[in-house]
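Bear in mind the structure is a predicted one, so any value in this text is a computation, not a measurement. The sequence lines fix the lettering, A, B, ..., with proteins before strands; numbering per chain opens at 1.
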Amino acid sequence: MFRRLPETYQGWVSLTIDGGVCVGREGDSVAALLLEAGYAACRNSAVSGEPRGPYCMMGVCFECLVEIDGIANRQACLVPIAEGMKVETGAGRRKVTP
Amino acid sequence: MSAFFDFAVIGGGLVGAALARGMAREGLSVCVLDEGDVAYRASRGNFALVWLQSKGINMPAYANWTRRSVELWPAYAAGLLNETGIDVSLQQDGGFHLALSDIEMERLIAVAEGVNGQPGVKPYPYSVLDGDEVRRRLPGAGPAIVGGTYSPLDGHVNALRLYRAMHKALIAAGVDYRPGSRVARISHAGGFSLSIDGGGEVRAKRIVLTAGLDNARLAPMVGLSAPVRPQRGNIIVTEKAAPFLKMPVQTVRQTDEGSVMIGDSQEEAGLSEDINSGIMGVMADRAIRMFPAIADLNIVRMWACLRVLSPDGFPIYDQSKTHPGAFLATCHSGVTLAAVHAAVLAPHIARGTLPEEAQAFHAGRLHVPKAA
Amino acid sequence: MKRLASVDDLPASCDLAIIGAGPAGLAAAAAAAECGLHVLVLDENPEPGGQIYRGLGAAPASRRQILGRDYERGDSLLSGMLGSTASYLSGATVWMASRDLEIGVSKDGMSRIIGARRILLATGALERPFPILGWTLPGVLTAGAAQGLLKSSGMVPQGPFVLAGTGPLLWLLASQLIAAEAPPLAILDTTLLATRSSVVGALPAFLASPYLLKGLRLMRSVRRKVRVIGGVTELRALGEGHLRSVAYRVGRGKTETINVEGLFLHQGIAPNVNMASAAGCDLAWDRVQLCWKPVTDSWGRSSVPGISIAGDGAGISGAEAAAGFGRLCGLDAAARLGRISEAERDERALPARRELSRYARGRRLLDLMFQPPDTFRRASPDAIVCRCEEITGRQVTEIVADFGEVGPNQLKSYLRCGMGPCQGRLCGLTVTEMIAAERNVSPSEVGYYRLRFPIKPVTLAEIATLPHDDDDVRAVVRG
């Protein structure tokens, strides 16, 4: 949904999204990288299950919730990407595994 | 020229709404006077339990009154569904009290035996469980649980859907519901005259005071006494989770929408509804010890609400001797008692009486002079 | 500046805790630290700058050029704080700032409660809700979101997209995207035609305003490069599972459709009042800006002693004004705490006060010009009002029809509207205005949601580790 402007090189960061390798730049938030990688939707609503994705990109809408390094429902727009990070999308109601 | 209602119900919370609908269904003209958008409203702060375990120590009548209501609840829920189309999601599959220490366990057993051992009490069915049995019955229950008590009669309901259904039902029953209408003064001369804050007047042949904490102010105006005080309770609400907790625990339950609700505290904090982070911490810690897997759930709301407590914690149902036709009804278990209020208390009050089972709850019991 | 790494590094107390590192917070930090106060700045983002100066610290020259000179004004604010003695913790979510001046901070899954002698809320603004049918579809974002992506990551929308709504930010974004060679297919302009022409009259303030003239030039240059469809009265985002097209109407004309992959909405910004409200600060309805603002005096002091509010969080006034007011609040904090005298404070504040009156000129006109139209401030029956709980416009109007004189809090109890994690940030204004419209009273009379802490989610585990005493335990563990 978004593409990068041709800009001078910044540190590349490699992580996985849903098991697939993805490369971003230092300074990207997880949500920014998701949008650049084509994920307009990143989860399903906890009420109806309909697909939802980033909306405000500033931490107030709570739509960009994804699992990051095993922790569910993190606001992707507030988390900077890091090397080796594991991002999982598509969650609905949060699983509580006893 | 204001209408002259058969009944004016002062306060549109769980008690008032149940009674108003009940009386309207008896064919009476009823008006409910409710406060505005921001008010203490204990009814908005309930934990949604339909519960009888542990209730009625030193008051057998309360154990029986509670039991009666729990048994009447399915019919009440069905009635609300029928009248409003709203399913309040009543679940009566049983409920637990859990102990995190031996002392807590002893207390749970003592309370259960204490309630059920009283003469005149219809004992409720319950089992004493050890930690392993709790863990067997409640997947996710943690190793810190020492044991608990379980009753198959306990359950819960969707609190906000209930509140909405009760209000919708009273409108469907033809009750004149008036928000933003705090009663400033009650005078009595051939019927009751209620003057409303900000102007206006409502007249009724008879009235019921169900105004929660405000009953303390209103009751003396009609020769009644409602010595209620606020007691703060804190609640934590988490984000929605996939269902994992099938039956409620007295302090932890999962709503049908998925949120986990954690209660509850008892603080004498006057009229303050501020939350207390230390208390929230204790509540969160206990809930995690009961169900370790919820530790990472996000809290989306914490709030505190003011219970309406009588000095002994039991309801007050009363009618005035000096101002005939003035009734009073207050309790702090408005959800559990909603069914018996609607099915038993309302028809009685409609006829100008109080049911026999409720005789023990008159305010006079609170004025028994202490032995010297 | 002392950059802290975790909540463990937080001081148990400080003179002035500043929440938010946007222009107001940055300016306040520098001013207060200059006066010798022990200042702590807490901000949720990984780097300072707030929304307007997002990414400034790391932006390459080409990006700065695209974003324009106003963006670069943030440089001096950033260096002002960097060069100060203030302490700063980034990535820190403040979930509580109570009237007892206790602050709950969460970072990396750990929470602490710290104290402060004074608190400055500089949490800024957020985009007004724009509750059109389909606004929850993946592919629909705010204009601010697109601008933030440009600022922090040098990204632009890919594929066909449109901007829709009204307000200076929309035009600024359009000009920035044009400069980045990623222009929108069109701008669907909802600005009321009547307003536009009537206020572009000759008011002296208008001409003397520092940004308005610049804004007009900007709008003209955008119009030369991008198709602008004015007088839009209806907007719908369409698609199954994600955005595929936008339908719109001009006046009472027929419905047109544009196939798009992106829709960026904007109809102004409003103060983010959640922290102030939960702390107990009085709010007032602004009839021109059509939003709630905390009640503050000329030094930014709120109705809660010890809590001051600066920047767009106190009322929309723009980045430069935010910095000016931040400086005032920093100086006032120093005076309140006895570090400087009031006379000295007043003297040091003079330049900021002059700047503020410059920027205030023309503000009202700007607000009037870009007032979002009624229809777009309310949701149609099938459109979603509360995104978190998926409550529709119809459900809201039905409650008012059923119960009459109902307010946002009763409505919340009936519908769950406003009970989700966003805590009303994306539905509160819509609800207040819809209730006001249905009841035919002013929004001021209707009121707003009661907000409480935590104003942002925090985990059970974090709360469980907060300090507590025996009284707390006794209040919970009973027989």
Quiz item: Pick from A:C42, A:P80, A:P6, A:S45: which one has the most heavy-atom pairs with chain C under 4.5 Å?
Solution: A:S45
Exercise. Just do the side chain to side chain contact (heavy atoms under 4.5 Å, CB included) check on C:L141 and A:M57 with the steps written out, would you?
Key: CA-CA 8 Å; C:L141 287 86; A:M57 291 298 290; 4.2 Å; yes
Quiz item: Quick one: what part of C:P46 sits under 4.5 Å from any heavy atom of chain A, side chain, backbone, both or neither?
Solution: side chain
Practice problem: Answer with side chain, backbone, both or neither: which region of A:I71 has an atom nearer than 4.5 Å to a non-hydrogen atom of chain C? | Solution: neither
Quiz item: What part of C:Q51 is in contact with chain A, defined as an atom under 4.5 angstrom from a non-hydrogen atom: side chain, backbone, both or neither?
Solution: side chain
Practice problem: State the CZ-CG distance between A:R3 and C:L149, to the nearest 0.5 angstrom. | Solution: 13.0 Å
Quiz item: Considering all heavy atoms of both residues, which atom of A:G59 and which atom of C:K456 are nearest to each other, and what is their separation?
Solution: O-NZ, 2.6 Å
Self-check item: Atom CD of C:E240: over 12 foreign heavy atoms under 6.0 Å
Solution: no
Practice problem: With rounding to the nearest 0.5 Å, note down the distance linking CD in C:Q158 to CE in A:M1. | Solution: 10.0 Å
Self-check item: chain A contact via C:E47 - which portion, at a heavy-atom distance below 4.5 Å
Solution: neither
Quiz item: Looking only at heavy atoms, what is the nearest atom pair of C:A180 and A:L5, with distance?
Solution: O-CD2, 3.6 Å
Exercise. Let me know if C:F264 has heavy atoms under 4.5 Å from chain A in its side chain, its backbone, both or neither.
Key: side chain
Practice problem: Identify which of C:G154, C:G159, C:P457 forms the greatest number of heavy-atom pairs closer than 4.5 Å to chain A. | Solution: C:G154
Exercise. Grab the two heavy atoms, one from C:T136 and one from A:E50, that are nearest each other, plus how far apart they are.
Key: OG1-OE2, 3.5 Å
Exercise. Please state whether the side chain, the backbone, both or neither of C:L426 comes within less than 4.5 Å of a heavy atom of chain A.
Key: side chain
Quiz item: Out of curiosity, C:M155 CE to A:R25 CZ, how far, rounded to the nearest 0.5 Å?
Solution: 8.0 Å
Self-check item: Structural part of C:A143 lying under 4.5 Å from a heavy atom of chain A
Solution: neither
Practice problem: Check C:S153 against A:D28 and note the closest heavy-atom contact, atom names and distance. | Solution: OG-OD1, 2.9 Å
Exercise. Measure the spacing between CD of A:Q75 and CD of C:E44 and express it to the nearest 0.5 Å.
Key: 6.5 Å
Quiz item: At what distance, to the nearest 0.5 angstrom, does CD1 of C:I384 lie from OG of A:S48?
Solution: 7.0 Å
Quiz item: What part of C:N274 lies closer than 4.5 angstrom to a heavy atom of chain A: side chain, backbone, both or neither?
Solution: neither
Quiz item: Shortest non-hydrogen contact from A:V47 to C:C388?
Solution: CG2-O, 3.5 Å
Quiz item: Quick one: of A:A46, A:C61, A:G53, who has the most non-hydrogen atom pairs under 4.5 Å with chain C?
Solution: A:C61
Quiz item: Which atoms of C:L137 come close to chain A, meaning under 4.5 Å heavy atom to heavy atom: side chain ones, backbone ones, both, or neither?
Solution: neither
Quiz item: Using a cut-off of under 4.5 Å for heavy-atom pairs, which of A:P51, A:C77, A:S29, A:A41 has the most such pairs with chain C?
Solution: A:P51
Exercise. Can you see which heavy atom on C:P421 is nearest to which on A:F62, and at what distance?
Key: O-CE1, 3.4 Å
Quiz prompt | C:R387, part contacting chain A, at a heavy-atom distance under 4.5 Å | solution = both
Quiz prompt | Which portion of C:L265 sits near chain A, non-hydrogen atoms under 4.5 angstrom | solution = side chain
